[in-house]
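Bear in mind that the values here come from a model prediction, so they are computed numbers and not experimental data. Chain letters run A, B, ... following the sequence lines, proteins first, then strands; residues in each count from 1.
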There are 2 protein chains.
Amino acid sequence: MNIRTLCLAILNFGQATGYEIKKMSSDTHYAYFVDASFGSIYPALSKLEVEGCLTSHEEREPGKPARKVYSITDKGRLELVSHMSDTPKKDIFKSEFLLIAMCAEMLERETVRKAIDNRILQLEEELKFIKDSSDETEHEGTKWIAGYGYACQENSLKYLIENREKLESLAQASSQELEPAE
Amino acid sequence: MNIRTLCLAILNFGQATGYEIKKMSSDTHYAYFVDASFGSIYPALSKLEVEGCLTSHEEREPGKPARKVYSITDKGRLELVSHMSDTPKKDIFKSEFLLIAMCAEMLERETVRKAIDNRILQLEEELKFIKDSSDETEHEGTKWIAGYGYACQENSLKYLIENREKLESLAQASSQELEPAE
DNA sequence: TAGGCCATGTAACCGGTTACATGATTAG
DNA sequence: CTAATCATGTAACCGGTTACATGGCCTA
């Protein structure tokens with residue numbers, strides 16, 4: 001999916017500024033859709049406005065920078081629906097952690113251990129974040145994808161914890177095997 | 001991860017041509033790491049050879065195009081290990097299907113149904129493929145990531161099947177609601 | 001007073017993809 | 001005869017990111 005569609009999808013749930021869209025696309029469940037930076041969001045919003053998919057108005061509060069608040073138009077909503085009605089692209093899953101896991105035998109045990117710990121921490125954070133954001137919303141679609149995400153990550157974590165020893169044992173024993181694994 | 005590292009990782013398990021690397025990165029478990037096209041693989045291989053991370057020799061068989069077969073060198077192996085010893089980047093998961101799910105209420109029931117069916121089919125194919133490739137290999141690291149992938153996808157599929165009706169009910173009733181959901 | 005947050009925007013760059021050029025063999 | 005598969009490689013393009021410019025407010 002491209003930045004265009006991301007902007008339309010976010011604005012479909014309410015008006016927002018470019019800055020807010022960037023934050024949402026990094027910190028909220030919108031991160032499931034695309035990565036986006038300021039350098040791509042601002043130009044995309046301008047273009048969408050020129051095309052009539054968005055409108056904007058400026059909000060000025062003394063002592064704060066002017067905010068350019070965008071709202072979606074009927075035309076924008078139409079483009080969003082039309083995009084979603086196409087057969088969706090395959091889900092993408094890319095993992096550097098799995099590369100390390102596959103190559104465990106080449107690596108020191110300590111390296112593998114760190115990578116696993118790191119991945120577990122990430123999953124735990126992710127689970128906490130999904131739970132929080134699901135509790136905060138009343139929107140059914142958002143709740144549904146939160147439930148889906150939670151189930152997937154939870155099982156991923158479970159598998160990792162149950163099978164980490166097997167993976168660690170593939171790695172090369174490193175010199176400092178004196179300390180316990182904690 | 002970049003194409004460079006992908007090439008090194010694949011060649012670490014045995015020599016191969018650019019053409020074979022491309023196929024592996026699209027059709028095998030190497031697809032978990034990066035997407036790659038010919039246009040990126042061939043230049044990457046040339047550069048790696050110049051830098052001394054790879055060597056190559058030509059194989060000529062009558063009636064077949066010449067194959068340029070690459071092998072990894074100690075220097076290449078060192079770069080691969082060094083890359084993997086860095087803290088890995090976060091796993092990436094991007095899903096157009098989840099966008100459709102989140103916006104189910106805007107879409108026709110038929111559209112949502114198709115998206116779910118499509119996703120289920122993909123997951124089933126993926127599971128079958130993982131099972132096959134796990135059975136074919138003796139390599140422990142590869143078996144481990146296959147097990148991990150299988151567990152994740154299996155649970156994803158389970159959740160989808162158990163919760164699809166809830167999602168479909170969020171969508172707008174379309175005109176042809178006469179036929180049963182099969 | 002340094003750094004982080006709010007807020008918008010541009011320009012250079014880059015890591016890729018797409019499409020093209022080339023050509024032989026094999027399967028339908 | 002056509003399409004697919006094997007096989008290598010280049011060039012144009014593009015969708016992004018990174019870094020920069022700007023500036024005020026708030027917190028540690």
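Between Met1(A) and Pro65(A), the one whose closest nucleotide on DNA chain D sits nearer the 5' end is Met1(A).
Salt bridge annotation for Glu168(B)-Arg113(B): present, with a cationic side-chain nitrogen under 4.0 angstrom from a carboxylate oxygen.
You'll find the ring centres of His139(B) and Phe13(B) inside the 6.0 Å limit. Residues Phe93(A) and Phe93(B) place their aromatic rings such that the two centres sit no closer than 6.0 Å.
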Worksheet item: Can you check side chain to side chain donor-acceptor pair (under 3.5 Å) on Glu126(B) and Gln153(B), steps first, answer last?
Response: CA-CA 8 Å; Glu126(B) 184 86 0; Gln153(B) 308 277 47; 3.2 Å; yes
Discussion item. Walk me through whether Ser156(B) and Leu123(B) qualify under side-chain contact (heavy atoms from CB on, under 4.5 Å).
Written reply: CA-CA 8 Å; Ser156(B) 176; Leu123(B) 283 165; 3.8 Å; yes
Worksheet item: Please walk me through it: do Leu8(B) and His83(B) pass side-chain contact (heavy atoms from CB on, under 4.5 Å)?
Response: CA-CA 10 Å; Leu8(B) 292 173; His83(B) 177 93; over 6 Å; no
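Within 4.0 Å of Lys22(B), counting heavy atoms only, lies no atom of the nucleic acid at all.
A heavy-atom distance below 4.0 Å to DNA chain C is reached by these residues of residues 33-60 of chain A, ordered by number: Gly39(A), Tyr42(A). The stretch residues 75-84 of chain B has no heavy atom under 4.0 angstrom from DNA chain C at all.
Considering only side-chain N and O atoms, Tyr19(B) lies under 4.0 angstrom from the phosphate OP1 or OP2 of dC6(D).
More than 12 heavy atoms of other residues, nucleotides or ligands shown are found within 6.0 angstrom of CD on Glu58(B).
Ring planes of Tyr19(B) and Phe38(B): parallel class, angle under 30° (limits at 30 and 60°). Classified by interplanar angle (parallel below 30°, tilted 30° to 60°, perpendicular above 60°), the ring pair Phe33(A)/His29(A) is perpendicular.
Here chain A contacts DNA chain C (any atom closer than 4.0 Å to a heavy atom, that is under 4.0 Å), and the contacts span dC5(C) to dT10(C) from 5' to 3'.
Just one residue in the list Thr111(A), Leu160(A), Asn163(A) forms a side chain to side chain contact (heavy atoms under 4.5 Å, CB included) with Ile116(A), and that residue is Leu160(A).
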